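Structure, as structure tokens:
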Amino acid sequence: MMPSDALDDAAFDRLQQSARDHLWLHFSRMGSYETAEVPVIVRGDGAYIYDARGKRYLDGLAGLFVSQLGHGRTELAEAAAKQASELAFFPLWSYAHPKSIELAERVANYAPGDLNRVFFTSGGGEAVETAWKLAKNYFKLTGKPMKHKVISRAIAYHGTTHGALSITGLPELKQQFEPLVPSTFRVPNTNIYRAPIHGDDPVAFGRWAADQIAVAIEQEGPETVAAVFLEPVQNAGGCFPPPPGYFERVREICDEYDVLLVSDEVICAYGRLGHMFGAERYGYQPDMITCAKGLTSGYAPLGAMIATDRLMEPFLQGNTSFAHGYTFGGHPVSAAVALTNLDIFEREGINEHVRDTEGEFRATLEKLLDLPLVGDVRGDGYFYGIELVKDKTTKETFDDEESERLLRGFLSKALFDAGLYCRADDRGDPVIQLSPPLICDQSHFDEMEQILRSVLTEAETKL
């Protein structure tokens, strides 16, 4: 009997052909689909997704670090439908609508300190773009027009627009689009597993890594550096949490040199780390927060740049305006969905659930450390990376050809075929990333571990 989600053969074949002929998939090797099916996901329910053949998969990546509340939440769909029937669209260009006002206040109330000013975007890359433009504009208005440069971390990903891509620390993602926006500079990240110094002392390593930001500011000239962009837990490279004291020292450095600290929380905000914002978890005060993804749990596209009152102040004078905006930023339907999403967060205690169960998630994943391929398990909240190595004792990693064969030649497809949707990534050293919906529990953790154990054990025979 055909599963209820499955398409019949004729419908499935038509969909496949249409996808090959017309759909340009993101970050995808399109030539690979000449001989392989395009995976087509047709439905989601809770922590699971279903493909066009009716097969079920555990969504171990929350779509793309997005689906905080899981799939199939009719309350969120109904909020979207209700708003669309009342006011489907109106821009925030000199006008407002009620849901944008409500949501701006709600988000500002969650944000730490005096981050009271909310600029809505369509998504995370636009939020990062907005933060950089604001930093440059702010310093021009306050008598420091030379301040325009940005510092970010090695291997860090901040988006695909030209500005956000320039801030990104992944050369292989940038080369085909160069020349990019100049004046961005990289400092070491916080991957203590591969620390070049103080690898056995997290406090000393954190101090050293933070101090490299001061070194970079001095090298470029403090009068030219506008902002530092940092994720609470760095995504690319496989989930690098901050060492103890790291952000405290970064804040001191930014204050000393009058450099803005931007907390890029496109992934880390809205429960991923058990708090509305990662800055709250790690106890630091940013000048700006960029966010998106979990703000609506993916039920509609929406992002935001949240700024302090200090950064808004010059724009409240005379005829000054921030000449920047997006057609769909703060879309009424997206804002309505976000408000309902946050209602559910509070009603169901989502952040509390993550904090209560993150230890069990970590402990379950750490069982995999007995496998020869697993060198490190790291992360916080519901956001983890599993680094794969050739030799656990020496931490020897794979070369490019071996990584290609392991990740794309075997692991990505094998994990999906085994019923787990996650990310096998080599932006940096090879890792498997897990970022499940925040509604998951021990049964889901166990399912992830069992699938990973089986597939990684088989992978040993493929090397």
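Everything numeric here is computed off the predicted structure, so don't read it as measured data.
- There is no side-chain donor-acceptor pair under 3.5 Å between Asn191 and Gln234.
- Among the candidates Phe383, Tyr270, Tyr384, the single residue satisfying the ring pair (Phe, Tyr, Trp, His ring centres under 6.0 Å) test with Phe65 is Phe383.
- Under the 3.5 Å distance criterion, with hydrogens and angles disregarded, a donor-acceptor pair is assigned to the side chains of Asp264 and Thr290.
- Under a cutoff of 6.0 Å and an axis angle of 45°, Arg251 and Tyr284 do not form a cation-pi pair.
- In the model, Thr224 has no side-chain atom that pairs as donor or acceptor with a side-chain atom of Glu220 under 3.5 Å.
- In this structure the side chain of Leu61 reaches within 4.5 angstrom of the side chain of Ser435, judged on heavy atoms.
- Between Arg281 and Glu358 there is a salt bridge, since at least one side-chain N of the basic residue sits less than 4.0 Å from a carboxylate O of the acidic one.
- Aromatic pair Tyr110/Phe277: ring centres not closer than 6.0 Å.
- Rounding to the nearest 0.5 Å gives a distance of 8.0 Å between SG of Cys268 and CG of Asn235.
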Derivation of the side chain to side chain contact (heavy atoms under 4.5 Å, CB included) call for Val259 and Ile253: CA-CA 8 Å; Val259 169; Ile253 292 167; over 6 Å; no

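- If you check the side chains of Thr357 and Tyr382, you find a donor sitting under 3.5 Å from an acceptor.
- Checked by atom type, the side-chain pair Thr308/Arg117 shows no donor-acceptor distance below 3.5 Å.
- For Phe322 and Phe315, the distance between ring centers is under 6.0 angstrom.
- No hydrogens or angles considered: nothing links the side chains of Asp356 and His353 as a donor-acceptor pair under 3.5 Å.
- Distance CD1/Ile350 to CZ/Arg355: 11.5 Å, rounded to 0.5 Å.
- There is no side-chain donor-acceptor pair under 3.5 Å between Tyr50 and His71.
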Please lay out, stage by stage, how Val374 and Leu452 fare under the test side chain to side chain contact (heavy atoms under 4.5 Å, CB included). CA-CA 11 Å; Val374 176; Leu452 286 163; over 6 Å; no

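- For Glu401, the salt bridge (Lys or Arg N to Asp or Glu O under 4.0 Å) partners are Arg405, not counting sequence neighbours.
- Between Lys174 and Glu178 there is no salt bridge, since no side-chain nitrogen of the basic residue lies less than 4.0 Å from a carboxylate oxygen of the acidic one.
- Taking the ring centre of Tyr299 as origin, the terminal cationic atom of Arg73 falls outside the region bounded by 6.0 Å and 45° from the ring axis.
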For Leu438 and Arg272: C-alpha separation, side-chain torsions, deciding distance, then whether side chain to side chain contact (heavy atoms under 4.5 Å, CB included) applies. CA-CA 7 Å; Leu438 307 184; Arg272 183 55 50 195; 3.5 Å; yes

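- For the residue pair Glu129/Tyr326, the side-chain donor-acceptor check at 3.5 Å is not satisfied.
- A donor-acceptor pair shorter than 3.5 Å cannot be found between the side chains of Tyr193 and Asp429.
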